[in-house]
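These notes concern the structure reproduced below.
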Amino acid sequence: MLLEPTPVEIAADTIVVLDFETTGLSPDRGDRAIEIGAVKLVKGEIVESFQELMNPGMRISRFIEDYTGISNSMLTDAAPCEEVMHRFADFIGDFNLLAHNASFDRKFLDAEFARIGHSYSGSFGCSLLTSRRVFQDAPNHKLGTLVEYKQLPTEGVFHRALADAQMTAYLWLELLSDIKRRTELDTLSFEQLSKLSTVPKRQIEDYLQRLAQF
DNA sequence: TGCCAGGCCCTCTTTAGGGCCTT
């Protein structure tokens, strides 16, 4: 008889990859989220997705309309941020989280969750910091460039939350694959990968060699 | 009207400056 896995074991195998579209760069200066997209990766496969527009209670700039393709008219009928973030809180649970340039998405997640009095316990990983170390020969480390550089699956849509979250998930799997190949390891923990993103670039080869010895 | 942030990381560094990323 198989035992049901404990919640801790499930969390270790599951990552939620997320991406926000926002009114600007800084929640500290009043910017709000306008779309959240996310996919749930379980043991390297996308098993669930989440995508919702949200009404920030203000008009968005022409720049953001052009950049994202999200118009003011699209947001008029969207649910308010608070309502969407409650549903997103249920989606992410206590799973570990990942984003491309996670410091950006983290500050918007924290700001929007603070508005609804919600907190979360998952750790944040960053595909930008990791790819700067693992894919050091890439022309640059913008998400779109890395998708092209690694020939990752894409529908040609950029700067929309779900599409960017999906591409970030594929980038993460490519990073995992590359590290596994270089270390000849079968499995890598989220903690090992998070640690890697803090190792100085010049020391990455040494770090990978140390990983391979365990 | 016009402008706006911040974390990370490299180097011509650490008593600093500037490029890269995210919207």
Return whichever of R132(A) or T68(A) has its heavy-atom-nearest nucleotide of DNA chain B closer to the 5' end. R132(A)
CG of L98(A) to OG1 of T130(A): how many Å apart, nearest 0.5 Å? 7.5 Å
Are the side chain of Q136(A) and the backbone of R133(A) linked by a donor-acceptor contact shorter than 3.5 Å? yes
For nucleotides dC9(B) and dT14(B), find the distance between their C1' atoms and express it as a whole number of Å. 13 Å
Counting any heavy atom closer than 4.0 Å, what does K201(A) reach on the DNA or RNA strands: base, sugar-phosphate only, or nothing? sugar-phosphate
Roughly how far apart, to the nearest Å, are dG2(B) and dG7(B) at atom C1'? 26 Å
With heavy atoms under 4.0 Å as the rule, sort D19(A) into base, sugar-phosphate or nothing. sugar-phosphate
Is E21(A) salt-bridged to R160(A), cutoff N-O under 4.0 Å? no
Value rounded to 0.5 Å, distance of CD1 in I92(A) from OG1 in T14(A): 13.0 Å
Of D105(A) and V199(A), whose nearest nucleotide on DNA chain B comes first from the 5' end? V199(A)
Regarding T23(A), tell me which of base, sugar-phosphate or nothing describes its non-hydrogen contacts under 4.0 Å with the strands shown. nothing
What's S127(A) touching, base or sugar-phosphate or nothing? Going by heavy atoms closer than 4.0 Å. nothing
C1'-based separation of dT13(B) from dC8(B) [nearest Å]: 15 Å
Please measure how far the C1' atom in dG6(B) lies from the corresponding atom in dT1(B), and state the result in whole Å. 25 Å
Thinking salt bridges, do D178(A) and R181(A) make one under a 4.0 Å N-O criterion? yes
Would E83(A) and R115(A) pass as an ion pair if we require N to O under 4.0 Å? no
So which of residues 79-86 of chain A are in contact with DNA chain B, with a heavy-atom cut-off of under 4.0 Å? none
Using a heavy-atom cut-off of 4.0 Å to chain A, what are the terminal contacting nucleotides of DNA chain B, in 5' to 3' order? dC4(B) to dT23(B)
Using the C1' atom on both, measure dG19(B) against dC12(B) and round to a whole Å. 14 Å
Compute both the distance and the angle, then confirm whether K150(A) meets the cation-pi test with F135(A): under 6.0 Å from the six-membered ring centre, within 45 degrees of the axis. yes
So CG of L53(A) and CD1 of I36(A): to nearest 0.5 Å the spacing works out to 11.5 Å
To the nearest 0.5 Å, how far apart are CG in D110(A) and NE2 in H118(A)? 10.5 Å
Ignoring hydrogens and angles, state whether a donor on the side chain of H100(A) or S127(A) is under 3.5 Å from an acceptor on the partner side chain. yes
First locate atom CD1 of I64(A), then atom OG1 of T22(A), and finally report the distance between them rounded to the nearest 0.5 Å. 5.5 Å
If you look at every strand shown and take non-hydrogen atoms under 4.0 Å, does D31(A) touch a base, only sugar-phosphate, or nothing? nothing
How is R106(A) classified with respect to the nucleic acid when contacts are heavy atoms under 4.0 Å: base, sugar-phosphate, or nothing? nothing
What distance, rounded to whole Å, do you find between the two C1' atoms, one in dT23(B) and one in dG17(B)? 25 Å
Should the pair F50(A) and F91(A) be assigned to parallel (<30°), tilted (30 to 60°) or perpendicular (>60°) ring geometry? tilted
Report which part of the nucleic acid F63(A) touches: base, sugar-phosphate, or nothing (heavy-atom distance under 4.0 Å, all strands). base
Counting only heavy atoms and a strict 4.0 angstrom limit, can you tell me which residues of residues 143-177 of chain A come near DNA chain B? L143(A), H159(A), D164(A)
